[in-house]
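Model, not experiment: these values are computed from the prediction. Note that these values count all heavy atoms, side chains included, but never hydrogens, waters or copies made by symmetry.
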Amino acid sequence: MTPGANGFEKVKLLPDGAALFTRGMGMSCVWEKERGFGERSWRYSVVVDDMKVEKIFIEGGGITQDSGPDPFEVTDAATMVEYLKSKAS
């Protein structure tokens, strides 16, 4: 992401390769039967402001272990940008 893109300058993307944040958020799942994956993060996007969760978008309304479908309706970039822009107004 280019700093200042879409008018946002204080956005930071956080990698979580070891799933420590994911587990702490209670968003850990396993897709072993369906896809052969071990522990993964359920799809979600979150705004954290000053160490507090301000807004969270969770696919399917919650975690589904060994989910057949891979939902992608509310965690897309457009949804997050729309939310952030609405806050700035």
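Pairs engaging residues 56-74 under the salt bridge (charged side-chain N to carboxylate O under 4.0 Å, His left out) rule: Arg43-Asp70 [sequence neighbours left out].
At distances below 3.5 Å, at least one donor-acceptor pair connects side-chain atoms of Ser86 with backbone N or O atoms of Tyr83. When atom types are taken as modelled, the side chain of Trp42 and the backbone of Gly62 share a donor-acceptor pair closer than 3.5 angstrom.
Using a 4.5 Å cut-off between side-chain heavy atoms of Ile, Leu, Val, Met, Phe, Trp and Tyr, with links allowed through other members, Phe57 and Tyr44 fall into different hydrophobic clusters. If you chain together hydrophobic residues whose side chains sit under 4.5 Å apart, Val46 and Leu14 never meet in one group. Met80 and Ile56 fall into different hydrophobic clusters, where Ile, Leu, Val, Met, Phe, Trp and Tyr residues are linked whenever their side-chain heavy atoms come under 4.5 Å apart, directly or through other members.
Closest heavy-atom contact between Ser67 and Arg35: O-NH1, 3.0 Å. Closest of all the heavy-atom pairs between Val30 and Gln65 is N-OE1, 2.8 Å. Counting all heavy atoms, side chain and backbone alike, Ile58 lies closest to Val74 at O-CG2, 3.6 Å.
Going from atom CZ of Arg40 over to atom SG of Cys29 covers 8.5 Å, rounded to the nearest 0.5 Å. Taken to the nearest 0.5 Å, the CG atom of Leu84 stands 8.0 Å off from the CD atom of Glu54. Between atom OG of residue Ser41 and atom CZ of residue Arg23 there is a gap of 11.0 Å, rounded to the nearest 0.5 Å. Rounded to the nearest 0.5 angstrom, Ile63 CD1 and Met25 CE are separated by 9.5 Å.
Taking 4.5 Å as the limit, every side-chain heavy atom of Lys55 sits out of range of all side-chain heavy atoms of Asp49.
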